[in-house]
Amino acid sequence: STLVSPAGHPHEERETWGKKIDFLLSVIGFAVDLANVWRFPYLCYKNGGGAFLVPYLFFMVIAGMPLFYMELALGQYNREGAAGVWKICPIFKGVGFTVILISLYVGFYYNVIIAWALFYLFSSFTGELPWVHCNNTWNSPNCSDLWAFNNSLNDTHKSTPAAEYFERGVLHLQDSEGIADLGLPRWQLTSCLAVVIVVLYFSLWKGVKTSGKVVWITATMPYVVLTVLLLRGVTLPGAMDGIKAYLSVDFLRLCEPQVWIDAATQICFSLGVGFGVLIAFSSYNKFSNNCYRDAIITSSINSLTSFFSGFVIFSFLGYMSHKHSVPLDKVATDGPGLVFIIYPEAIATLPGSSVWAVIFFIMLLTLGIDSAMGGMESVITGLMDEFKFLHKHRELFTLFIVVSTFLISLFCVTNGGIYVFTLLDHFAAGTSILFGVLIEAIGIAWFYGVDRFSDDIEEMIGQRPGLYWRLCWKFVSPCFLLFMVVVSFATFNPPNYGTYTFPIWANMIGWCLAISSMTMVPLYAIYKMCTLPGKLAYAITPEHEHHLVDNGEVRRFTLQHWMVI
């Protein structure tokens with residue numbers, strides 16, 4: 001049976017989520033990832049504590065939620081992946097390929113973080129954790145058990161056992177001169193990466209019927225562990241000082257532009273808009289599902305998780321600062337260093353440290369795996385809906401995608417792999433994701449028309465989006481995104497890892513990567529203009545209205561189309 005929506009365009013039978021909760025957990029599991037733990041709390045602390053919530057919530061309401069809602073509604077109405085939905089405005093289909101490419105690129109290095117977490121998890125099953133002392137084979141003469149952070153010169157080159165374990169014991173960075181000298185993949189990390197890839201494959205191979213069940217564990221587990229860690233954390237000496245520092249309100253910081261830029265960047269990247277994942281996930285919803293409510297619930301949960309994890313992080317950081325009598329800003333950090341160096345170090349000083357380490361790394365695994373699943377699903381759904389012959393071979397195609405991802409990820413598990421990782425992380429999804437979402441917003445709100453889009457939503461959920469949402473889609477969000485694209489070019493810093501700076505050629509490769517996904521937009525537009533008869537009118541009119549163009553009715557050539565809200 002074909003499902004025919006009231007507008008009269010038949011959809012071939014599309015599989016749907018087993019239960020509504022499968023979809024919600026998938027979206028939450030995708031949006032909530034390691035950055036919620038390692039980025040937001042640090043930004044909050046650095047940018048005026050509780051005051052940071054002002055710009056954060058402001059951008060959330062004017063850009064984050066409207067764009068989140070837009071992607072969910074777009075996928076659910078058109079029932080296709082990120083490229084296929086652009087039958088509503090063919091000239092913009094290139095942006096679908098942009099976001100699919102970005103998701104693919106992110107997969108090349110994101111799985112490596114999960115592999116590190118798995119390696120740490122295996123290492124935690126010992127009586128004494130391997131990052132406690134300096135007497136291991138990988139330690140250097142600079143290693144010191146004492147936190148001698150006094151400002152005398154001879155202490156500057158000291159490193160802690162935990163930092164040496166990560167860089168020398170796990171990554172083997174000492175065996176690499178830089179990105180030009182990678183060496184072979186290390187078998188321990190390669191086997192961890194292989195386990196991650198196998199888990200991903202069997203989560204995704206049957207589509208949302210399997211992945212919708214996996215997220216029951218991977219999306220909920222982090223909350224259980226965070227709560228347990230918080231209960232342990234607040235009882236530690238110095239924990240309250242850490243939490244006070246996390247929340248201490250300093251409204252004067254709101255006069256600094258950098259604080260607003262940090263908040264805006266965090267909103268852009270933490271919700272997961274622009275990866276094609278939300279479109280892919282919602283395309284498997286029932287047509288009449290209330291995607292408005294879903295957008296509000298899931299984006300709120302994502303922000304609350306970030307805020308909540310700050311307490312977990314800073315109670316332990318306060319404890320570290322108390323224990324070693326060093327100021328908090330010496331301990332506070334963000335990124336992989338927080339979860340692979342500082343936090344394990346804090347855990348190692350607790351009674352029963354191995355047990356705490358095991359549950360902490362299980363949390364990191366579950367935070368990462370469903371976000372990796374989302375990115376892969378975006379690529380698989382996006383390409384399968386575009387190239388229909390792949391529908392019959394979902395399992396083979398999924399295998400092809402995960403295996404090729406694995407092979408490229410091998411560059412990141414070599415001795416100098418962290419350099420490749422840093423380069424990919426810096427370029428794969430920065431400016432290009434902002435650009436992608438900007439084009440998406442313009443295509444829907446201006447070319448397809450915010451009024452038409454609102455009609456579609458009304459057809460699905462029975463009520464029209466309010467004036468607020470329509471204004472955000474048409475004016476506020478595109479302006480915000482344009483501003484963000486300009487800022488990201490203006491504030492561009494070349495990547496670095498610690499004191500290592502990348503050679504010019506490596507930066508060139510990075511830029512090629514970033515630009516390669518963005519060029520999909522103009523390239524596809526040019527291709528469309530060359531292949532369609534009658535050129536422009538067809539290219540900017542939804543495919544199921546092309547018969548109107550034949551009669552000379554081109555709605556998008558009327559002023560009224562552009563003025564209406």
Asks: Which heavy atom in Phe251 sits nearest to a heavy atom in Ala51, and how many Å separate them?
Replies: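 Closest pair (atom of Phe251, atom of Ala51, distance): CD2-CB, 3.8 Å.
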Asks: Mark yes when over 12 heavy atoms from residues, nucleotides or ligands other than Trp505 sit less than 6.0 Å from its CH2; otherwise mark no.
Replies: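 Yes, because the 6.0 Å sphere around CH2 of Trp505 holds more than 12 heavy atoms from other groups.
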Asks: To the nearest 0.5 Å, what is the distance between OG (Ser516) and CE (Met518)?
Replies: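 Here the rounded value is 8.5 Å.
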Asks: When rounded to the nearest 0.5 angstrom, what is the spacing between CG in Leu383 and CD1 in Ile100?
Replies: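 Between Leu383 CG and Ile100 CD1, I get 4.5 Å after rounding to 0.5 Å.
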Asks: Where do Pro55 and Leu254 come nearest, in terms of heavy atoms and distance?
Replies: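 The answer is CD-CD2, 3.6 Å.
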Asks: Does the side chain of Arg168 pick up a donor-acceptor pair with the side chain of Asn139 at under 3.5 Å?
Replies: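 On atom types as modelled, these side chains do not qualify, holding no pair under 3.5 Å.
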Asks: Could you check whether atom CD of Glu256 has more than 12 heavy atoms from other residues, nucleotides or ligands sitting under 6.0 Å from it?
Replies: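 Buried by this count: over 12 neighbours within 6.0 Å.
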Asks: How close do Leu481 and Leu434 get, heavy atom to heavy atom, and via which atoms?
Replies: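 For Leu481 versus Leu434, the nearest heavy atoms are CD2-O, 4.3 Å.
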Asks: Please determine whether the number of non-hydrogen atoms from other residues, nucleotides or ligands lying under 6.0 Å from atom CZ of Phe492 exceeds 12.
Replies: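 Enclosed.
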Asks: Once side chain to side chain donor-acceptor pair (under 3.5 Å) is applied, do any residues pair with Tyr319, and if so which ones, sequence neighbours excluded?
Replies: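 Thr349.
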Asks: In this structure, are over 12 heavy atoms from other groups packed under 6.0 Å from Phe411 atom CZ?
Replies: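 Open: at most 12 neighbouring heavy atoms sit under 6.0 Å from CZ of Phe411.
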Asks: Sorted by first residue and then second, give each salt bridge (charged side-chain N to carboxylate O under 4.0 Å, His left out) pair with at least one member in residues 399-423; sequence neighbours left out.
Replies: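 For residues 399-423, and leaving out neighbouring residues, there are no salt bridge (charged side-chain N to carboxylate O under 4.0 Å, His left out) pairs at all.
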Asks: Measure the CZ-OG1 distance between Phe281 and Thr298 for me, rounded to the nearest 0.5 Å.
Replies: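 OG1 of Thr298 is found 11.5 Å from CZ of Phe281.
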Asks: Of the non-hydrogen atoms in Asp370 and Gly29, which two are nearest, and what is the gap between them?
Replies: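 Here Asp370 and Gly29 meet closest at OD1-O, 2.9 Å.
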Asks: For Gln258, give me all partners under side chain to side chain donor-acceptor pair (under 3.5 Å), at least two apart in sequence or on another chain.
Replies: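 Result, side chain to side chain donor-acceptor pair (under 3.5 Å) vs Gln258: Asp262.
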Asks: Would you say the side-chain atoms of Asn415 and Ser176 include a donor-acceptor pair closer than 3.5 Å?
Replies: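 Their side chains do not contain a donor-acceptor pair, so the 3.5 Å distance test is not met.
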Asks: Using the test ring-ring contact (aromatic ring centres under 6.0 Å, His included), find all partners of Phe202 that sit at least two apart in sequence or belong to another chain.
Replies: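 Expected list: Trp205.
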Asks: With no hydrogens and no angle check, do the side chains of Tyr165 and Ser123 hold a donor and an acceptor under 3.5 Å apart?
Replies: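 Present: a donor and an acceptor within the cut-off.
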Asks: Check this for me: Phe483, atom CZ, are more than 12 non-hydrogen atoms of other residues, nucleotides or ligands nearer than 6.0 Å?
Replies: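 It does not: Phe483 CZ has 12 such atoms or fewer within range.
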Asks: Show me the pairs that pass salt bridge (charged side-chain N to carboxylate O under 4.0 Å, His left out) and involve residues 212-236, at least two apart or across chains.
Replies: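 For residues 212-236: Asp22-Lys213.
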Asks: Can you establish whether the number of heavy atoms outside Ile217 located under 6.0 Å from its atom CD1 is more than 12?
Replies: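 Atom CD1 in Ile217 is not packed in, count stays at 12 or less.
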Asks: Check ring-ring contact (aromatic ring centres under 6.0 Å, His included) between Phe30 and all other residues, then give those that pass, not counting sequence neighbours.
Replies: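 Listed in chain order: nothing, the list is empty.
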Asks: Considering residues at least two apart in sequence or located in another chain, which fulfil the ring-ring contact (aromatic ring centres under 6.0 Å, His included) criterion with Phe502?
Replies: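 Here the qualifying residues are Tyr500.
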Asks: Can you give the donor-acceptor pairs under 3.5 Å from side chains of residues 108-115 to other protein atoms, not counting sequence neighbours?
Replies:
| unit_1 | atom_1 | unit_2 | atom_2 | d |
| --- | --- | --- | --- | --- |
| Tyr109 | OH | Asp425 | OD1 | 3.2 |
| Tyr110 | OH | Asp33 | OD2 | 3.0 |
| Asn111 | ND2 | Gly107 | O | 3.0 |

Asks: Can you find a side-chain donor-acceptor pair between Ser248 and Tyr45 that sits under 3.5 Å?
Replies: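 Per modelled atom types, Ser248 and Tyr45 side chains form no pair under 3.5 Å.
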Asks: Are any side-chain N or O atoms of Ser378 and backbone N or O atoms of Ser103, one a donor and one an acceptor, separated by less than 3.5 Å?
Replies: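 Side chain of Ser378 to backbone of Ser103: no pair is present.
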Asks: Is it the case that the ring center of Tyr497 lies less than 6.0 angstrom away from the ring center of Phe421?
Replies: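 Not under 6.0 Å, so no.
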Asks: Is it true that the side chains of Ser203 and Thr210 contain a donor and an acceptor less than 3.5 Å apart?
Replies: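 There is no such pair (donor and acceptor under 3.5 Å, judged by atom type) between the side chains of Ser203 and Thr210.
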Asks: Please enumerate all residues that pass disulfide bond (SG atoms under 2.5 Å apart) together with Cys512, with sequence neighbours excluded.
Replies: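 In terms of disulfide bond (SG atoms under 2.5 Å apart), with neighbours along the sequence ignored, Cys512 is linked to no residue.
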Asks: For residues Phe166 and Trp116, establish whether the separation of their ring centroids is below 6.0 Å.
Replies: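 When the ring centroids of Phe166 and Trp116 are compared, they turn out to be within the sub-6.0 Å range.
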Asks: Under 4.5 Å between any side-chain heavy atoms of Ser309 and Phe314, yes or no?
Replies: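 They are not in contact (no side-chain heavy atoms under 4.5 Å apart), so the answer is no.
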Asks: Just checking, is any N or O donor in the side chain of Tyr56 or Ser303 under 3.5 Å from an acceptor N or O on the other one?
Replies: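 Yes - a donor-acceptor pair under 3.5 Å links their side chains.
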Asks: Residues two or more places apart in sequence or in another chain: which of them pass side chain to side chain donor-acceptor pair (under 3.5 Å) with Tyr343?
Replies: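 By the side chain to side chain donor-acceptor pair (under 3.5 Å) rule, Tyr343 matches no residue at all.
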Asks: Looking at residues at least two apart in the chain, or sitting in another chain, which of them share a ring-ring contact (aromatic ring centres under 6.0 Å, His included) with Tyr42?
Replies: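 ring-ring contact (aromatic ring centres under 6.0 Å, His included) list for Tyr42, sorted by chain: empty.
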Asks: Among Phe360, Tyr120, Trp131, find the residue that satisfies the ring pair (Phe, Tyr, Trp, His ring centres under 6.0 Å) test when tested with Phe340.
Replies: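 So the option named by the test is Tyr120.
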Asks: Over all heavy atoms of both residues, which pair between Leu204 and Met373 is shortest? Give the atoms and the distance, please.
Replies: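 Smallest heavy-atom distance, with atoms named: CD2-O, 3.8 Å.
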Asks: For the residue pair Phe59 and Ile267, what are the closest heavy atoms and their distance?
Replies: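 In terms of heavy atoms, the two residues are closest at CB-CG1, 3.9 Å.
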Asks: Please answer whether the main-chain N or O of Trp138 pairs with a side-chain N or O of Asn136 as donor and acceptor at a distance below 3.5 Å.
Replies: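 Absent.
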Asks: Write out all pairs satisfying salt bridge (charged side-chain N to carboxylate O under 4.0 Å, His left out) with one or both partners inside residues 394-408, taking only residues at least two apart or from two chains.
Replies: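 Counting only pairs at least two positions apart or across chains, the salt bridge (charged side-chain N to carboxylate O under 4.0 Å, His left out) contacts touching residues 394-408 are Lys206-Glu395, Glu377-Arg394.
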Asks: Hey, could you give me the NE2/CD distance between His172 and Gln188, rounded to the nearest 0.5 Å?
Replies: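 Separation between the atoms: 6.0 Å.
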Asks: Identify the residue among Val413, Leu410, Leu193, Asp175 that makes a side-chain contact (heavy atoms from CB on, under 4.5 Å) with Arg186.
Replies: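 When Val413, Leu410, Leu193, Asp175 are each tested with Arg186, the side-chain contact (heavy atoms from CB on, under 4.5 Å) holds only for Asp175.
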